[in-house]
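Model, not experiment: these values are computed from the prediction.
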Amino acid sequence: TINRISVSGNDRTNDHVFLRELQTRPGDKFSRSNVILTQQRLAALGLIDPETIDIRTNPDNRNGTVDIEYVVAERPSDQIELSMGWGQRQIVGVLGLSLNNFSTRNLFKKGKWGGPYPMGDGQKLQLRAQSSGLFYQSYNFNFTEPWFGGKRPNSLNLNAFHTIYSNNINSGNPGKFKVTGAGAGVGKRLRWPDNYFTMYNGISYRRYQVNNYGQVFSTFDNGTANNIFFTHSISRKSISAPIYPRSGSDVSLRLNWTI
């Protein structure tokens with residue numbers, strides 16, 4: 001019988017981010033399959049080096065119990081993207097920021113940031129901008145809370161974007177095509193048929209503004225259109241590691257429909 005469970009080696013990530021992923025709990029019977037599943041769940045967070053996870057067991061034969069300690073080694077998982085290229089006689093620049101261990105609750109508590117930004121709760125924040133001047137501009141925002149509410153593994157995803165296409169900039173009647181959108185979705189882990197299944201449901205809105213830009217829609221080259229669409233998906237992901245998987249599979253089925 002499992003007696004005590006602990007996680008050590010984490011300096012930047014709060015304990016609850018790892019503890020809530022454990023499939024071995026005090027009072028349960030020791031199960032090798034649950035230990036392996038826990039190892040996969042910890043590796044899937046993307047916050048630690050999956051190759052160095054050390055699982056230490058301390059059995060007590062007198063009481064018939066065992067203590068389990070998961071020793072992890074954190075690694076930087078944030079990304080900064082800065083690039084510039086040349087294509088179609090114009091310069092294209094990209095600036096992106098991906099924070100994979102964000103903490104909204106510490107946003108206004110600078111003394112608890114734990115680094116250059118509020119970190120420690122495993123939330124993901126992505127900001128990205130791409131532009132070639134007046135011809136093309138794109139701005140994207142994405143935020144994911146993997147445990148919305150903190151009690152169940154139900155994820156919340158929020159996203160928004162704004163894109164501008166232009167043509168005939170040098171002419172007296174330039175055209176523009178703007179797309180603005182936002183969306184939200186909720187994911188849920190399923191216990192059936194097994195613990196590797198996930199279900200996701202989302203809703204998105206897009207607004208199209210067309211001004212003298214007939215390359216996109218054949219029905220009109222001036223005007224405004226609105227679109228609301230829903231997304232449903234079910235997936236099963238059992239890979240052993242997110243970067244270099246040696247076993248498992250990743251299968252998903254996705255449905256989009258609009259009104």
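- Residues H232 and W257 are in side-chain contact: their nearest non-hydrogen atoms beyond the backbone lie under 4.5 Å apart.
- Looking only at distances, a side-chain donor or acceptor of E74 sits under 3.5 Å from a matching main-chain atom of R12.
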Exercise. Could you go step by step and tell me if R254 and T231 meet the side chain to side chain contact (heavy atoms under 4.5 Å, CB included) rule?
Worked result: CA-CA 7 Å; R254 185 184 183 94; T231 300; 3.4 Å; yes

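- In the hydrophobic clustering of this structure, L45 groups with V7; members are Ile, Leu, Val, Met, Phe, Trp, Tyr whose side-chain heavy atoms approach within less than 4.5 Å, directly or through other members.
- Residues N201 and F230 form no side-chain contact, since every pair of their non-hydrogen atoms from C-beta on lies 4.5 Å or further apart.
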For this session: Assess whether side chain to side chain contact (heavy atoms under 4.5 Å, CB included) is satisfied between S240 and S247, documenting all intermediate values.
Result: CA-CA 6 Å; S240 57; S247 62; 3.5 Å; yes

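- Considering I68, D67, V66 as possible partners of N3, the one that fulfils the side-chain contact (heavy atoms from CB on, under 4.5 Å) test is D67.
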For this session: Output, in order, the C-alpha distance, side-chain angles, deciding distance and verdict of side chain to side chain contact (heavy atoms under 4.5 Å, CB included) for F197 and W192.
Result: CA-CA 7 Å; F197 277 86; W192 185 89; over 6 Å; no

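- Considering every non-hydrogen atom in both N159 and A184, the closest pair reads ND2-N, 4.4 Å.
- Residue L42 is not grouped with residue I239 when hydrophobic side chains (ILVMFWY) are merged at heavy-atom distances under 4.5 angstrom, including chains of intermediate members.
- For the pair E81 and V94, the tightest heavy-atom approach, listed with the atom from each and the gap, is OE2-CG1, 3.5 Å.
- Atom CD in Q39 sits 9.5 Å away from atom CG in D54 (nearest 0.5 Å).
- Between E145 and R105 there is no salt bridge, since no side-chain nitrogen of the basic residue lies less than 4.0 Å from a carboxylate oxygen of the acidic one.
- The minimum heavy-atom distance linking T24 with T38 is given by the pair N-OG1, 3.8 Å.
- To the nearest 0.5 Å, atoms CG (N100) and CG (L47) are separated by 7.0 Å.
- A continuous path of hydrophobic side-chain contacts links M84 to W86 [ILVMFWY only; heavy atoms under 4.5 Å].
- Around CG of L255, the count of heavy atoms belonging to other residues, nucleotides or ligands within 6.0 Å exceeds 12.
- Under a hydrophobic clustering in which Ile, Leu, Val, Met, Phe, Trp and Tyr are joined whenever their side-chain heavy atoms come within less than 4.5 Å, directly or via other members, L82 and I91 fall into different clusters.
- Between the CD atom in Q137 and the NZ atom in K178 there is a gap of 9.0 Å [rounded to 0.5 Å].
- Of the options N106, T104, N14, a side-chain hydrogen bond (donor to acceptor under 3.5 Å, both in side chains) to D121 is made by N14 and by none of the others.
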Problem set entry | Pair I55-V35, side chain to side chain contact (heavy atoms under 4.5 Å, CB included): steps then yes or no | CA-CA 8 Å; I55 303 173; V35 172; 3.5 Å; yes

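- Using a 4.5 Å heavy-atom cutoff, the side chains of T180 and Y139 are not in contact.
- Counting heavy atoms from C-beta outward, R236 and D194 have side chains that approach closer than 4.5 Å.
- Cluster partners of Y196 are L37, counting Ile, Leu, Val, Met, Phe, Trp and Tyr whose side-chain heavy atoms approach within less than 4.5 Å, directly or via other members.
- Using a 4.5 Å heavy-atom cutoff, the side chains of F18 and I48 are in contact.
- Within a 6.0 Å sphere centred on CZ of R152, heavy atoms belonging to other residues, nucleotides or ligands number 12 at most.
- Looking only at side-chain heavy atoms (C-beta outward), N142 and N140 stay at 4.5 Å or farther from each other.
- Here the side chains of R41 and N195 are in contact, with some heavy-atom distance below 4.5 Å.
- Residues G120 and S103 share a closest heavy-atom pair of N-CB, 4.2 Å.
- Atom-to-atom distance recorded for N101:CG and Q123:CD is 9.0 Å, nearest 0.5 angstrom.
- Of all heavy-atom pairs between L134 and S166, the closest is O-OG, 3.0 Å.
- Within the model, atoms CD1 of I36 and OG of S31 stand 8.5 Å from one another, a figure rounded to the nearest 0.5 Å.
- Atom CD1 in I164 sits 6.0 Å away from atom NZ in K176 (nearest 0.5 Å).
- You'll find the side chain of T1 reaches within 4.5 Å of the side chain of K29, heavy atoms only.
- Cluster annotation: W113 and L125 are assigned to distinct hydrophobic clusters (Ile/Leu/Val/Met/Phe/Trp/Tyr, side-chain heavy-atom contacts under 4.5 Å, transitive).
- Screening residues 140-167 for ring-ring contact (aromatic ring centres under 6.0 Å, His included) gives Y136-Y165, Y165-F177 as the qualifying pairs, with residues at least two apart or on separate chains.
- Scanning both residues, S138 and T163, for their nearest heavy atoms gives OG-OG1, 3.7 Å.
- A donor-acceptor pair under 3.5 Å links the side-chain atoms of T52 to the main chain of D49, judged by distance alone.
- Judged as a salt bridge (charged side-chain N to carboxylate O under 4.0 Å, His left out), and not counting sequence neighbours, D11 has no contacts.
- For the residue pair R128 / Q130, a side-chain donor-acceptor distance below 3.5 Å is found, with atom types taken as modelled.
- The number of heavy-atom neighbours closer than 6.0 Å to NZ of K124, taken from other residues, nucleotides and ligands shown, is above 12.
- Around CZ of R4, the count of heavy atoms belonging to other residues, nucleotides or ligands within 6.0 Å does not exceed 12.
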